[in-house]
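Below you'll find the structure, written out as structure tokens, and then a few comments.
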Amino acid sequence: MKRRKLKSRFPRLRSAHEPAAWRMNHRPMTPRTHFRDSRWRTAALAVAALTCWTGCTDNPFAAAPPQFRSNLVDMKMQGVNPNPELEMTAPETAPTAKPADAEAAAKLVEDLYGLQLADARGGALVKQVAADKPASGAGVLPGDVIQKVIIGDSKYSVGDRDDAVEYLLSKVTWGEGVKLAIFRDQKQQIADLLLALFGTPDQPDPAQLDPFRDPNGKLFEEKGARPRLVEMYGFNLDHLETSAGRVHEKFGRQYGLYRLHCAHCHGITGDGAGPTASFLNPYPRDYRQGKFKFKSTAGAEKPTRADLMRVLTEGIPGTAMPSFRVLPENEREALVEYVEYLSVRGETEIKLIEFAAGGMPLPSPAALVANLPDEDGNAPEVTEENVVSNVLLTWRGAEQQIVSPAKPPEDFVKWVTYVPSNLRDAKAPAPELSSDENARREASLKRGRELFYSDVASCYKCHGDSQLGDGQDTDYDAWFTWRKNLNELSDAAERNKLIDEYRTLGALPPRTAKPRDLRMGVYRGGRRPLDIYRKITSGINGTPMPALKPTEPTADAPVDPAKAATPEDVWHLVHYVMSLPYEPLSQPPKELEQMLKEGWQRSPQPEEKQHHADKEHHPRS
Amino acid sequence: MGKFWSLLFFLVPALGVALFVVSADANLLDHWFPTDVSEHGHVIDGLFMMILWLTGAVFIATEVCLAAFLWRYDARSNRDAIKFTHGSHTLEVVWTIVPAATLLFIAIYQMNAWADAKIRQPKNPGVEIEVRARQFEWRFRYPGPDGKLYTPDDIHFDSELHVPVDEEVLVHLKSEDVLHSFFLPNLRVKQDAVPGMVIPVWFKPTKEGAWDLVCAELCGWGHYKMRGRIVVQSREDFNAWLAGVREKQLATQSEQTAAK
């Protein structure tokens, strides 16, 4: 009697469907949970927070007004210094006398970049690194120096590296990644060039910029003669103007489409670091690198307009990129055009930074846009100096790089739509295959499975033995090269410090590339067999996913199935991958499925009935 | 001066009623319900109208009484002796029973409409569709030729919910992340999508055309852009559309090769 009463007062979990919150609220009190729930915990947290807050005065975050933080890198890239005090500078050390033994390499650096090599310990270290490097035509590069000092061999002590980094920070500003360090005047030069060649993301037509306020009018000799550059690049100016700038409507037409739909994730300059970017997993694409994942073209080639249009229209399932099918087609076209413009602009910027960091003088504006490709992507005499032309060439030539798969096996469509017996329903029978067809289907699955686990395709290494994406996942994709480079550092504290520095400059928290769970039935790059075939044969650009190049068998040279895959084998692999979400391992047990389907109409559980019975028996308990 | 207040208070019902008349009139403001294109929509509208008339009548009566009392018993002009009363038991019983009975009436009156919309799930729907709401879009899954959802021949689409006209449509509503609400204003359908639940929703469109599909539950910063469209088609058009989507989804050759 007594026991029963106790039981009804403190009912145990009645079923597995009881919300977890109930369990949380009814867990027994232990000293630990007591602390966790108590005001002591609140007090301790407050003290800890206060300590952190006051203790981090040397953290640049403490000085940076919040509105600048996420834009720091962007503004730096634009050559705009949001606030001179924010520049990550170390106090200038007083120059001391130069040592007499100024070596030739160090001299070269000094001449080229005006580095005062002699001051401070850091200077000495830079000199030493410069001397270590074998003399080459281009001389010793500050990029190399920084790379060597920070992530290079470990013969320099942590203290030395600190000094050198601090020293270099006082002399240079950051470009893209640790590898590239450029000087402030070079940065200004690059910003001027970009403004003259591409305008701003808000005003893509440089000809529209006010020549009197625009310091770059001078880049082209005569004001009136400034060409309509964006049109020369092959962009539809009308499309760009619809997408760029502030959101407004004029004569029933929507302007500022990019800000309206895209900028909060992809950023105003297309850097993939808009205000909402850090909440998303995966992060939004940074267009500036010119690398796109979901496309029909081979390897690292650019996507076609149709590919971008497809991504925009259908979205990317499994990511935060929604479908924009409801937007009118001309608006989607305008956005695709604008994304391409941002990408070309950003890639040009990165290429210019590489030029500067490589110790080469920046080409003239005229040289940058010389030998522009025609509509079919032909530009016969393009040289390395024609940066814009080179970038545009890769875009205009994309159509020629489309991967056209070989013909699939005859029954392929029947195979991939075949309903396996565990999913069959007596009420609505699915089309049955003849025994011959079934044998071929099973052989195809077997070959696909064999390839999956073979070292020819090596799928299992990342996607895991159970295809749940639980294989090797410590690699970074191309948008986190800087983080990958830091792996070379053996000192974890040092690495974390550098990561913090990147974060201070606005970099998103680094994440490793996650192999896909193939049992989810979610295909980011599209669910067509065609898309999966292309993913397998050309890899996924910018990610650790490699390409499996099929070998065409000939009469004289048949392909050894243990060493290579034929195009037909790739189709078998596609078939196998597409069958995975419907394999028994992926399917919930029938009862669970039924329960999920019925959902809220679920009848009371037997234990619940028992509980009610208890209540009836002892109405007052 | 006291009469001024009674007139001012009388403006409330007068303007309120005028606003409804102007809004509902197709020739004036025409800001009433969106076109009803569903079979059961008139029931929902009927309930709305019934309650509107009921509360409207009570509203007007109360407001007119208020204005009349203000007018009649204005302290400046009223010289009648003040009467005190300890209340009327009968009156109190009446003003308790009448609203209680009205509420009970409404509760019983709407039961059939509620059951039709939420309980009497169609046994043999014309089409079954899984609708997944996610931040910030709608994704759909149609059964393939086997007529069963969650098999390899399912057909996937997004943002545009195509349905056949004059057939029961059964939607299995899910959410992939947070609370959303599946709202078809023209079909008088609104149902929250709850993560972890599969909620059945059904309706029967009666008119071909494209109508709004919106999210009616604040689901995050992009809630405003979580828009879709419901496209009601004849059965033939619907079948042709579904076959077209299926064909595209099973493409094995690149678009260029296919065109040649």
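A, B, ... follow the sequence lines: proteins, then strands. Residue 1 opens every chain.
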Value rounded to 0.5 Å, distance of CZ in A:R528 from NE2 in B:H156: 14.0 Å
Part of A:Y418 within contact of chain B (heavy atom distance under 4.5 Å): backbone
Euclidean distance, B:Q253 CD relative to A:K407 NZ, rounded to 0.5 Å: 4.0 Å
Pairwise distance NZ(B:K248) to CD(A:E314) - rounded to 0.5 angstrom: 8.5 Å
Neighbour count >12 (heavy atoms, 6.0 Å) for atom CD, A:E442: yes
Exercise: identify the closest heavy-atom pair between B:A251 and A:P529: O-CD, 3.3 Å
Enclosure of B:W32 CH2 (heavy-atom neighbours >12, cutoff 6.0 Å): yes
Region of A:Y582 in contact with chain B, defined by heavy-atom distances below 4.5 Å: side chain
Most contacts with chain B, counted as non-hydrogen pairs under 4.5 angstrom, among A:G521, A:P408, A:S296: A:P408
Which portion of A:V574 sits near chain B, non-hydrogen atoms under 4.5 angstrom: neither
B:P152 side chain reached by A:P420 side chain, heavy atoms, under 4.5 Å: yes
From B:D146 atom CG to A:T417 atom OG1, the distance as rounded to the nearest 0.5 Å: 9.5 Å
Region of A:M321 that comes under 4.5 Å of a non-hydrogen atom in chain B: backbone
Evaluation steps, side-chain contact (heavy atoms from CB on, under 4.5 Å), between A:W571 and B:T252: CA-CA 9 Å; A:W571 283 117; B:T252 55; 3.6 Å; yes
Closest heavy-atom pair and its distance - A:P405, B:S254: CD-N, 4.0 Å
CD on B:E160 to OG on A:S323, rounded to 0.5 Å: 8.5 Å
Contact origin within B:R141 toward chain A - heavy atom pairs under 4.5 Å: side chain
A:E410 CD: over 12 foreign heavy atoms closer than 6.0 Å: no
A:K414 NZ to B:L250 CG distance, which is reported to the nearest 0.5 Å: 13.5 Å
Leading residue by heavy atom contact count with chain A [cutoff under 4.5 Å; candidates B:K225, B:Q135, B:R139]: B:R139
Heavy-atom neighbours of B:F20 CZ exceed 12 at 6.0 Å: no
Residues, nucleotides or ligands: over 12 heavy atoms within 6.0 Å of A:M520 CE: no
A:V326 versus B:G228, closest heavy-atom pair with distance: CG2-CA, 3.8 Å
Side chains of residues 273-282 of chain A: which donor-acceptor partners sit under 3.5 Å, not counting sequence neighbours?
from	atom 1	to	atom 2	distance (Å)
A:T276	OG1	A:H264	O	2.6
A:N281	OD1	A:R511	NH1	3.3

Cationic tip of B:R227 above A:F324 ring, under 6.0 Å, 45° of axis: no
Atom group of A:V416 that falls short of 4.5 Å from chain B, counting heavy atoms: both
B:N124 atom CG, neighbour heavy-atom count above 12 within 6.0 Å: no
Side chain / backbone / both / neither for A:P317 at chain B, heavy atoms under 4.5 Å: both
Part of A:A406 lying under 4.5 Å from any heavy atom of chain B: backbone
Which portion of B:W138 sits near chain A, non-hydrogen atoms under 4.5 angstrom: neither
Residues, nucleotides or ligands: over 12 heavy atoms within 6.0 Å of B:M50 CE: yes
